[in-house]
Amino acid sequence: MENGEQLTFEFEQRPTIKGFPELRWTGKRPYRATQYYPAQLRETYGSEQNGWINKIFWGDNLQVMSHLLKDYRGQVDLIYIDPPFDSKADYKRKIEVRGVGSAESDSSSFEEKQYGDIWTNDEYLQFMYERLLLMRELLSNRGVIILHCDYHKSHYLRIVMDEVFGSDRFVNEIIWYYETYQGAVKKYFPRKHDNLFVYSKTDTYFYEMQYDNDYKNSINYKRWESYVVDGNKIKGANYPVNDSRFTARLNKWIRENGRQPNPDDVIFEIQSVSINSVWKDIKPVDPKDLNEKLNYPTQKPAALLDRIIRSFSKPGDIVFDCFMGSGTTQAVAMKLGRRFIGADINLGAIQTTTKRLLAIAAELNPTRKPVTYDINQLQPLMVAEGTPYFVSESADEDMELSASGYSDGLDCLKEKEGNISVLGGGVKYTGFEVYNVNNYDFFRNPVEARDLLIEALEIQPFPQSDVWDGELDGRMVKIMPVNRIATKADLKELLANLPYKTYEKRKEENPNQPVERITIVCMGHESDLKGALEQELAEYKVDVQIVDILRDKADLQLKRDSEAEIVREGSKLVIRAFYPMNLMQKLSIQKEYVEDWRQLVDSIMIDWNYDGVVMQPIVTDVPGKNEMVKGIYDIPEGCGTIKVKITDLLSESLEVEVR
């Protein structure tokens, strides 16, 4: 990017193959290249492990992936996405004031809309098509992508994935069957499964077979149950002599041992059944399970991601989910020793995931001790910074081994796990960074973006219009979707609904005057967006203006700022008051009626030595469900500039420096 030149990435073009079907939709356009978007590091939690720290991005995932191409093109080993299903529904998250039951008053809780899953068919398909192309570019040569969907769009998405990855790269269609309350369904069979499409980048992808936990489900156990001893063993003392299927196993044992079996010899051990492509044993998140339920819409169970990540990645691999939601992919990846990258456009998702990852990091590394292993089971128990040591299962306390003992332990692990470059595959990558992409910090929730922009720009709204969002200084205003950069495809709806008969009349009456003065409001846009609109309307004279919020209105105030009173009292940092204005407005609460400001707070993060650029919290005060933040904190010696981040129940944050 020398001399200010914009860095662009061109994509490999797959040739059209005669005889293979290809999906068409109105407004479909090729997506052959993208530009680089900068990212701003905002927060750091923990530190690097073996030169790696995980990454979470807040912003449009098209821009996030365009940013990632610079450093991670061809580096991602597993992608799992749970994108919008086009379910024609709005997804909401219940917000409850801490310490106040929802039945006590009308102002103690409300439902906050997180995102709308209502699309036109063409808009949805173009949205997914462009993002799948970027994911293909990020995948490594042994990488795999899993797309989670359901009956709404599965038939279209399968064809799109065939086009993007190639039909010869199809690996599996996994059916996740689940039982939930179905109500009184009378016109169709209850819809009780989701579809997971699995595609690979090449034919050399990684896959590890998974097994049922109960060997009693296997055909062999049911066939030879009367001969089984010690759980799952068939010995020389009693085996099915006349069973031709068992005879093959007996003959194999004889060949390997060079003799007939003795009574105590184990001829055959019955194994668990391998998991097939219909998953019926994983339940959805139970609304009553307070340990897993996060009150986040569309949350998927950790068991589902556990199976996916174990099946298609190895410890240390990079796992990516750009429709992150509640952060289940990232949470499971951290537990399983995978590196991860996550992204979401909803700030509530970033806050939910951050808290979840901090809790898991604390669970994996509660005292920041060295790495601990269980030698007998050869499984990692805990990982932290520093020199690894091992512990015997029978030991009452952790026993630090000598250098020779440590070496023997690693050799033992290598025999078990193969070639292990990062401490026997037991490293847990618990540190992570939080970024904004392309300064995406205007909208906490894109659902509210239109109303916020109309208010901030002082647009006169047209609530009944199918074409324009409003009028500003004599210009017709169209607000483009702000959850992504505006593209030429976004102009299709506008062009389809323009009043062309009126334009013809205006053109006839005043041929030298514009038939319309148009202002397009967007948040990032293709460089030729204005020219494309003018070209489409070439037979008319139009005056087109592009108002790019990121470029033209960087200082725009789109929401009421929160207020706080934070002071140093001796060796204590005291938060005396906090007033989250947007939250209070939704709850219809005035300042004077806030009994305890802590009821409105989701978390508090404190950096005791803020460098003026990146916040590195040492204090992470994230209370439990029925608890509240402390509000008073001990200031450590050597403290410099203090940075305090208070996040309210809407996931909106106030950041204050205290000197």
Side-chain angles (χ1 to χ4, degrees), residues 78 142 144 146 170-177 196 198 200 202-283 303-315 317 336-337 373-380 392-394 408-420 424-426:
L78 172 61
R142 63 177 180 84
V144 169
I146 293 98
F170 172 77
V171 176
N172 268 124
E173 177 181 5
I174 297 168
I175 301 299
W176 175 37
Y177 166 78
L196 284 77
V198 184
S200 63
T202 68
D203 59 359
T204 57
Y205 61 91
F206 175 81
Y207 170 69
E208 183 171 311
M209 185 77 73
Q210 302 296 305
Y211 293 91
D212 189 321
N213 291 327
D214 190 356
Y215 56 81
K216 292 183 179 180
N217 291 329
S218 70
I219 294 175
N220 289 335
Y221 185 87
K222 294 174 182 177
R223 180 169 181 146
W224 300 319
E225 182 177 2
S226 60
Y227 301 95
V228 173
V229 295
D230 298 338
N232 66 333
K233 300 176 178 62
I234 298 179
K235 297 185 175 181
N238 183 28
Y239 59 86
V241 178
N242 298 318
D243 189 317
S244 59
R245 184 169 174 176
F246 190 85
T247 299
R249 289 167 171 78
L250 174 63
N251 291 337
K252 178 183 178 181
W253 192 96
I254 293 172
R255 286 195 304 272
E256 291 175 350
N257 293 274
R259 60 179 176 83
Q260 292 292 324
N262 295 321
D264 291 333
D265 287 326
V266 177
I267 302 173
F268 181 63
E269 287 191 47
I270 297 174
Q271 302 298 322
S272 302
V273 181
S274 60
I275 302 295
N276 61 31
S277 61
V278 179
W279 296 356
K280 298 186 290 185
D281 58 326
I282 298 176
K283 297 180 180 179
L304 181 69
L305 272 301
D306 184 272
R307 180 169 295 170
I308 289 170
I309 292 173
R310 289 180 187 274
S311 299
F312 294 106
S313 72
K314 299 182 291 187
D317 281 355
L336 295 180
Y373 288 93
D374 179 335
I375 289 294
N376 294 340
Q377 297 298 322
L378 300 171
Q379 295 294 327
S392 169
E393 194 175 44
S394 59
D408 292 342
L410 273 185
D411 290 342
C412 183
L413 283 167
K414 288 180 179 179
E415 290 179 10
K416 176 74 174 179
E417 300 288 348
N419 183 20
I420 298 168

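Nothing here was measured: the structure is a model prediction, and the numbers come from that model.
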query: Which residues pass the salt bridge (charged side-chain N to carboxylate O under 4.0 Å, His left out) test with D212, sequence neighbours left out?
result: none

Could you tabulate the donor-acceptor pairs under 3.5 Å formed by side-chain atoms of residues 273-280, not counting sequence neighbours?
{"residue": "N276", "atom": "OD1", "partner": "V278", "partner atom": "N", "Å": "2.9"}
{"residue": "W279", "atom": "NE1", "partner": "N276", "partner atom": "O", "Å": "2.8"}

- request: Can you see which heavy atom on F246 is nearest to which on P240, and at what distance?
  value: CG-CG, 3.5 Å

message: Going by ring pair (Phe, Tyr, Trp, His ring centres under 6.0 Å), name the residues that satisfy it together with F170, two or more places apart in sequence or in a different chain.
response: Y199

- request: Over all heavy atoms of both residues, which pair between P261 and I267 is shortest? Give the atoms and the distance, please.
  value: CG-CD1, 3.9 Å

message: Taking salt bridge (charged side-chain N to carboxylate O under 4.0 Å, His left out) as the definition, give me every residue that meets it alongside R310, ordered by chain and number, with sequence neighbours left out.
response: D306

Which residues share a side-chain contact (heavy atoms from CB on, under 4.5 Å) with E208, sequence neighbours left out: F206, Q210

task: Any side-chain hydrogen bond (donor to acceptor under 3.5 Å, both in side chains) involving residues 250-259? Give me the pairs, sequence neighbours left out, ordered by first then second residue.
output: R259-D265

task: Working to the nearest 0.5 Å, report the span between CG of L196 and CH2 of W176.
output: 8.5 Å

- prompt: Residues in salt bridge (charged side-chain N to carboxylate O under 4.0 Å, His left out) with R249, at least two apart?
  reply: none

statement: dist L336:CG -> D317:CG (nearest 0.5 Å) comes out at 11.5 Å

- prompt: If you round to the nearest 0.5 Å, how far is CD1 of I234 from OG of S226?
  reply: 8.5 Å

query: Can you tell if the side chain of R245 reaches within under 4.5 Å of the side chain of I219, non-hydrogen atoms only?
result: yes

query: Under the side-chain contact (heavy atoms from CB on, under 4.5 Å) test, which residues partner V171, sequence neighbours left out?
result: V198, S200, Y205

message: Test of understanding: with ring pair (Phe, Tyr, Trp, His ring centres under 6.0 Å), list the residues that count as partners of Y207, not counting sequence neighbours.
response: F312

- request: Any chance you could lay out the side chain to side chain contact (heavy atoms under 4.5 Å, CB included) test for F268 and Y239, step after step, and finish with the verdict?
  value: CA-CA 10 Å; F268 181 63; Y239 59 86; over 6 Å; no

task: Give a yes or no on whether the backbone of I270 and the side-chain of N232 come within a donor-acceptor separation of less than 3.5 Å.
output: yes

- request: Mind checking the CD1-OG spacing from I174 to S311? Nearest 0.5 Å is all I need.
  value: 7.0 Å

message: Show every salt bridge (charged side-chain N to carboxylate O under 4.0 Å, His left out) that has at least one partner inside residues 224-244, sequence neighbours left out.
response: R223-D243, D230-K235

task: State, with a plain yes or no, whether a side-chain heavy atom of T202 is found less than 4.5 Å away from one of R142.
output: no

message: If the condition is side chain to side chain donor-acceptor pair (under 3.5 Å), which residues does E173 pass it with, not counting sequence neighbours?
response: N195

message: Under the rule for salt bridge (charged side-chain N to carboxylate O under 4.0 Å, His left out), what residues qualify as partners of K314, not counting sequence neighbours?
response: none

field: Minimum side-chain heavy-atom gap I146-L78 below 4.5 Å
entry: yes

- request: Compare every heavy atom of S313 with every heavy atom of I309, then report the nearest pair and how far apart it is.
  value: O-OG, 2.6 Å

